[in-house]
There are 2 protein chains.
Amino acid sequence: MAKKTWKPQGQQGAGHAKPRRKRLSPEERRAQIVAAARALFAAEGIDHVSMRKIARRVGITQAAIYQHFENKEAIFFVIIEGFFGELLAALEAAVASESEPLHRLRRAMRAYIEHGLSRPEEYRLVFMTPMSGLARAGLAVPRTDEARHAPSKGSLSFDVLDGAVRDVVLAGRTRYADADLLAEAVWAAGHGLVSLLITHDKFPWTDRARLVDFQLDLIFRGLLQEGCPMRQRPFIHN
Amino acid sequence: MAKKTWKPQGQQGAGHAKPRRKRLSPEERRAQIVAAARALFAAEGIDHVSMRKIARRVGITQAAIYQHFENKEAIFFVIIEGFFGELLAALEAAVASESEPLHRLRRAMRAYIEHGLSRPEEYRLVFMTPMSGLARAGLAVPRTDEARHAPSKGSLSFDVLDGAVRDVVLAGRTRYADADLLAEAVWAAGHGLVSLLITHDKFPWTDRARLVDFQLDLIFRGLLQEGCPMRQRPFIHN
DNA sequence: CTCGATTACCTAACAGTGTTTATTTAAGCG
DNA sequence: CGCTTAAATAAACACTGTTAGGTAATCGAG
C-alpha cells in the first residue's frame with residue numbers, strides 16, 4: 001500500500017561494509033522501478049516486460065515491487081501519466097506558437113503525430129490496447145462532470161485539440177459546423193497514420209516524413225471553407 | 001506437422017460404446033480448433049484465449065493442438081486468412097459495383113471500414129498488433145517479387161485499394177499525382193477511424209454512423225481536384 | 001542506548017501461461 | 001492377426017502475475 005511517507009535520512013552509518021539488503025525510501029524505489037519499466041518497455045515491447053525483469057534490473061525481487069505498486073498496471077499507469085503530460089505540453093506549445101486558427105490546428109496535429117511516433121510503445125499502450133490507458137486515464141469519459149472535476153492530462157490533451165478545432169469552426173475557416181464531429185475525424189486521421197506507422201514499421205512506406213506532410217495536407221484541404229484564400233496556393237508546411 | 005493426409009473413413013464399427021479417446025481426421029480437428037479459437041477470441045479478446053481454453057472447448061487436451069498447429073500463432077493465422085479473404089471479397093464487390101473512379105474508391109473505403117468494425121477482434125489482431133498478421137500474411141512486403149509470386153489475400157486487398165486510388169489519379173479526379181502516397185494516406189485515415197472506434201468503444205463518439213460518413217467526406221473533399229464539379233454540391237453518400 | 005513499531009525486502013508458493021517430451025492407443029493396411 | 005502410423009495423452013518445462021509469511025533494517029519514544 002505504501003501510504004505513510006518514510007525517509008531513511010541519508011547514509012548515516014557511512015560504513016556498513018556489505019548491507020545484504022539495501023533499503024531505500026519509497027520515492028526512490030518507485031522512481032527506480034518506473035525508470036526500469038520504461039526502459040525495458042521501450043526496448044523490448046509491452047508483452048515482453050515482466051515483473052521479474054523489472055525487478056532484476058532494479059536489483060530487487062519481484063515481490064518487492066508490490067510494496068510500491070499495487071499492480072503491473074499501476075506501474076504502466078504512471079508511465080502513461082508521463083506520456084500524457086508531455087503530450088499535453090507539446091500540444092499547448094504548438095497551440096501557443098500560432099494565432100491563426102487553421103495553422104494552429106495543423107501545428108497541434110503535427111505535434112500529436114510526432115509525439116506518438118517518438119514514443120511508439122507508450123502510444124501503443126495508450127491508444128491501441130483494449131481497456132487501455134485512455135480509459136484509466138480518464139480520457140474515455142471526458143465530458144462527464146466527474147471527469148471535469150479532476151481532469152487528467154489525457155482529457156486535457158483532447159480538450160486542446162478540440163478547442164483548436166472549435167476555433168477553426170468559429171472563425172469560419174471550415175465548411176463544417178459540428179466541431180465535435182470534425183475533431184474526432186481529424187483525430188482519427190492523425191491517429192491512423194501514427195498507428196499504422198508504429199504497427200507496420202516494416203511496411204514499405206514511400207517516406208514517413210512525406211507521408212506525414214501529405215496526410216496533414218489531405219485533411220486540411222478537406223476541411224477548408226470553399227473560396228478560402230488558402231485554397232489557391234499550395235499549403236504552407238509548419 | 002500433420003503433412004500426410006489421413007482419413008478415418010467414417011464410423012465403421014457403429015457401436016464402440018465408449019471410446020475413451022475419439023480420433024478425428026486432421027481436417028475435422030483443425031476446423032474444430034479454429035472454430036473454437038475464433039469464437040473464444042471474439043468473445044473474450046485476444047489476450048484471454050489460452051491453448052487450454054481452446055482445447056477444453058474442443059474436448060481435447062492442450063497438447064493435442066500441437067499435432068495440428070505448430071503454434072498458437074498458427075491458429076490465429078488461419079483466422080486471419082479468413083478475415084483477409086472476406087475483406088478481399090468485400091473490396092472487390094465494392095469496386096465492381098461502381099464504375100466512376102471516385103465513387104468506386106469511396107465504396108471500397110466504406111467496405112473496408114465496415115468490415116473492420118464488424119470483426120473488431122480480428123481487425124485488432126491483423127492491423128493493431130506488433131509483428132502482426134500483416135507481416136505474416138505477406139502484406140508487409142507487397143512489392144517484392146517474392147510476394148508477387150504468391151500474393152496473399154492481404155496484399156491483394158491492399159492492391160484493390162491501391163488500384164482504386166490509381167484510377168482516381170489517372171482519371172484526373174484528384175489534385176495529387178503520387179498514387180502510392182495517396183493510397184497510404186487514405187488507408188491511414190480509414191484505419192484510424194476503425195482503430196479508434198474499436199479500441200475506445202466507450203468513448204462518447206458523437207455517432208458512429210455519422211462519424212464514418214463524415215470521415216469519408218473529409219478525405220474525399222481533401223483529395224478532389226480543384227474545379228471538379230463534385231465540389232459544388234454536397235457529396236453523395238453510398 | 002534500548003525497546004517497540006513500522007515496513008522494505010526476502011523466500012516460497014500459488015495458479016496460470018505456451019510449449020515439449022515420452023507414452024499410450026486408436027485406426028488402417030497387408 | 002500383426003505392423004505401422006499418428007492422434008491424443010499425461011507430465012513436465014520455464015515462464016508469467018500475484019500473494020502469504022517471515023526477516024531485518026530503520027525509525028521514534030522512553
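Order of the sequence lines sets the chain letters (A, B, ...), proteins ahead of strands, with each chain counted from 1.
The shortest distance between the side-chain N/O atoms of Asn71(B) and the OP1/OP2 oxygens of dG18(C) is not below 4.0 Å. Thr61(A) has a side-chain polar atom (N or O) that falls below the 4.0 Å cut-off from OP1 or OP2 of dC10(C). For His48(B), no side-chain nitrogen or oxygen approaches OP1 or OP2 of dG16(C) to under 4.0 Å.
Closest approach to the Arg23(A) side chain among dT11(C), dA25(D), dT17(C) is made by dA25(D) (side chain taken as heavy atoms from C-beta onward). Candidate nucleotides dT20(C), dT19(D), dT16(D) were compared by shortest atom distance to the side chain of Tyr66(A), and dT19(D) ranks first. Checked against dT18(D), dT17(C), dT16(D), the side chain of Met51(A) finds its nearest nucleotide in dT18(D). For Gln62(A), whose side chain is taken as the heavy atoms from C-beta onward, the closest listed nucleotide among dA7(D), dT18(D), dG18(C) is dT18(D). For Gln67(B), counting side-chain heavy atoms from C-beta on, the closest listed nucleotide (dG17(D), dA8(D), dA8(C)) is dA8(D). Closest to the side chain of Ala64(B), from the set dT19(D), dT9(D), dC9(C), is dT9(D). Of the candidates dT11(C), dT9(D), dG18(C), the closest approach to any side-chain atom of Ala63(A) belongs to dT11(C). Comparing dG18(C), dA12(C), dT9(D) by their nearest atom to the side chain of Lys72(B) picks out dG18(C).
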Discussion item. Reading 5' to 3' and counting Watson-Crick or G-U wobble pairs with both distances under 3.5 Å, write the dot-bracket notation for DNA chain C, | for bases paired outside the strand.
Written reply: ||||||||||||||||||||||||||||||

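Within the nucleic acid shown, Ser50(A) comes within 4.0 Å of sugar-phosphate atoms alone, with no base atom in reach, counting heavy atoms only. Residue contacts shown for Val58(A) are absent, as no nucleic acid heavy atom lies under 4.0 Å away.
Using bins of under 30°, 30° to 60° and over 60° for the plane-to-plane angle, the ring pair His200(B)/Trp187(A) lands in the parallel bin.
Ser195(A) approaches Met128(A) most closely through the heavy-atom pair OG-CE, 3.5 Å. Across Gln215(B) and Ala189(A), no two heavy atoms sit closer than the pair NE2-N, 3.8 Å. Closest approach of Ile75(A) and Ile54(A) over heavy atoms only: CD1-CD1, 4.3 Å.
Between the CD1 atom of Ile33(B) and the P atom of dG18(C) there is a distance of 14 Å, rounded to whole Å. When the P atom of dT23(D) is taken as reference, atom CD1 of Ile60(A) falls 21 Å away, rounded to whole Å. At whole-Å resolution of the value, NZ in Lys53(B) and P in dA15(C) are 17 Å apart. Look at CZ on Phe69(B): it is 16 Å from C1' on dG18(C), rounded to the nearest Å. A straight line from CD1 of Ile54(A) to P of dG17(D) spans 7 Å, rounded to a whole angstrom. For Ile65(B) and dG18(C), the CD1 to P distance is 9 Å, given to the nearest whole Å. Whole-Å rounding puts the Ile46(B) CD1 to dG18(C) C1' distance at 17 Å. In this structure, Arg29(B) atom CZ and dA26(C) atom C1' are separated by 12 Å, rounded to whole Å.
Between the side chain of Arg52(B) and the base of dG16(C), no donor-acceptor pair under 3.5 Å is found.
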Would you mind writing out the side-chain donor-acceptor pairs for residues 38-52 of chain B within the sub-3.5 Å range, not counting sequence neighbours?
{"from": "Glu44(B)", "atom 1": "OE1", "to": "Lys53(B)", "atom 2": "NZ", "distance (Å)": "2.9"}
{"from": "His48(B)", "atom 1": "ND1", "to": "Glu44(B)", "atom 2": "O", "distance (Å)": "3.3"}
{"from": "Ser50(B)", "atom 1": "OG", "to": "Lys53(B)", "atom 2": "N", "distance (Å)": "3.2"}

Fill in: side chain to side chain contact (heavy atoms under 4.5 Å, CB included) between Asp162(A) and Arg166(A), intermediate numbers included
CA-CA 6 Å; Asp162(A) 201 58; Arg166(A) 186 152 272 116; 2.8 Å; yes

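Taking the six-membered ring for Trp, His191(B) and Tyr112(B) have ring centres at least 6.0 Å apart.
Put simply, the side chain of Asn71(B) does not reach to within 4.5 Å of the side chain of Phe77(B), judged on heavy atoms.
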